[in-house]
Protein chains: 2
Amino acid sequence: MSPLKAVAPDGTFTTGPDTTERLLTPGEVARVFGVDPKTVNRWALTGRIPSVRTPSNQRRYRQSDIDALLNPSP
Amino acid sequence: MSPLKAVAPDGTFTTGPDTTERLLTPGEVARVFGVDPKTVNRWALTGRIPSVRTPSNQRRYRQSDIDALLNPSP
DNA sequence: CATTATTAGGGTAATTCGGGAT
DNA sequence: CCTGTCCGAATTACCCTAATAA
C-alpha cells in the first residue's frame, strides 16, 4: 500500500497524495511548546517525537504527532 | 514492460494505469514533504530527485521515486 | 474565448543544520 | 539530564512577472 493516500477531507476520493496530514517545521513546533527550535530537534534525536526528513535532511513533524503530545490518552 | 498495467505480488493484475508510476506535480510533492513547490524543483535541479519534463518544460515527479524517499530501503 | 490556479524563472531575507562551549 | 545560545554553511520561504494548465 502506498503511503500517499487519496481521500479528501470531505470524504470524496481524489487521485494524488494525502494533503490532510500537515507537516510542521521545527520553528512551528517550537512556538507550540514555547521552546527553542533546536530543543525540538533534540527531542527528535532522542526519540521523544517522530520526525520526517526532507531529501535535504531537514526535519518536519506531523501535526497528528504534535496533537497526540498535547492530548495524551483522550 | 508496459506502464499501463499493475501486477500484484500474488500474480494477479489490475487494468488501468500503473498507479505506482503516477506523475505528481511540484505542488503535490511539496505538500508531502511540507515545503514550498519551488524547493521541490530545486531538489530536481540539484539531483536529489529524478524528474520528468513535460513538453512545455514543467516538472513532474514519479510517485515511486517519492515513496522511495519516504521509505529509504526498509 | 475567458477565468482561475499552478508553474518556471530570479533575487533576497529568514530558517535550519550540526558541532561545540556554557 | 535538559536547555538556550553562538557560529558558519547550507537550505528554504517569499517577493515578483510571464507562461502554462484546467
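In what follows, every chain begins at residue 1, and chains take the letters A, B, ... in the order their sequences are listed.
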Would you say the side chain of B/K38 and the base of C/dG11 hold a donor-acceptor pair, judged only by whether the two atoms sit under 3.5 Å apart?
no
Interatomic distance where [atom1] belongs to [X] and [atom2] belongs to [N] [whole Å]:
| X | N | atom1 | atom2 | value |
| --- | --- | --- | --- | --- |
| B/R31 | D/dA13 | CZ | P | 14 Å |
| A/L45 | C/dG18 | CG | P | 7 Å |
| B/N41 | C/dG9 | CG | C1' | 10 Å |
| A/F33 | D/dC2 | CZ | C1' | 16 Å |

Show, in sequence, the C-alpha distance, side-chain angles and deciding distance for A/S56 and B/R48, and conclude whether the side chain to side chain contact (heavy atoms under 4.5 Å, CB included) test is met.
CA-CA 8 Å; A/S56 56; B/R48 296 180 190 275; 4.0 Å; yes
Considering all heavy atoms, the nearest A/G27-A/P37 contact
CA-CG, 4.2 Å
Looking only at non-hydrogen atoms, find the nearest pair between B/I66 and B/F33 and report the distance.
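Heavy-atom minimum between the residues: CG2-CE1, 4.0 Å.
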Quick note, B/P26 side chain, CB onward, closest among C/dT16, C/dA8, D/dA13 is C/dA8
Among D/dC14, C/dC17, D/dG4, which nucleotide has an atom closest to any side-chain atom of B/D36?
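The answer is D/dC14, which lies nearest to the side chain.
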Flag yes if A/W43 and A/L69 sit in one hydrophobic cluster, no otherwise; membership is Ile, Leu, Val, Met, Phe, Trp, Tyr, and two members link when side-chain heavy atoms are under 4.5 Å apart.
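In one cluster with A/W43: A/L69, yes.
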Do B/V40 and B/L23 land in one hydrophobic cluster if side-chain heavy atoms of ILVMFWY residues count as linked below 4.5 Å?
no
Closer than 4.0 angstrom, basic N to acidic O: yes or no for B/R22 and B/E28?
yes
Whether B/W43 contacts D/dT11 is assessed here as follows: a side-chain N or O lying under 4.0 Å from the phosphate OP1 or OP2. Is that the case?
no
Just N and O in the side chain of B/R42: are any of them under 4.0 Å from OP1 or OP2 of D/dT12?
yes
Suppose we define a pair by two distances each less than 3.5 Å, Watson-Crick or G-U wobble; what does C/dG18 pair with here?
D/dC7
Proximity to DNA chain D (any heavy atom under 4.0 Å), residues of residues 52-69 of chain A only
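Those residues are A/S56, A/Q58.
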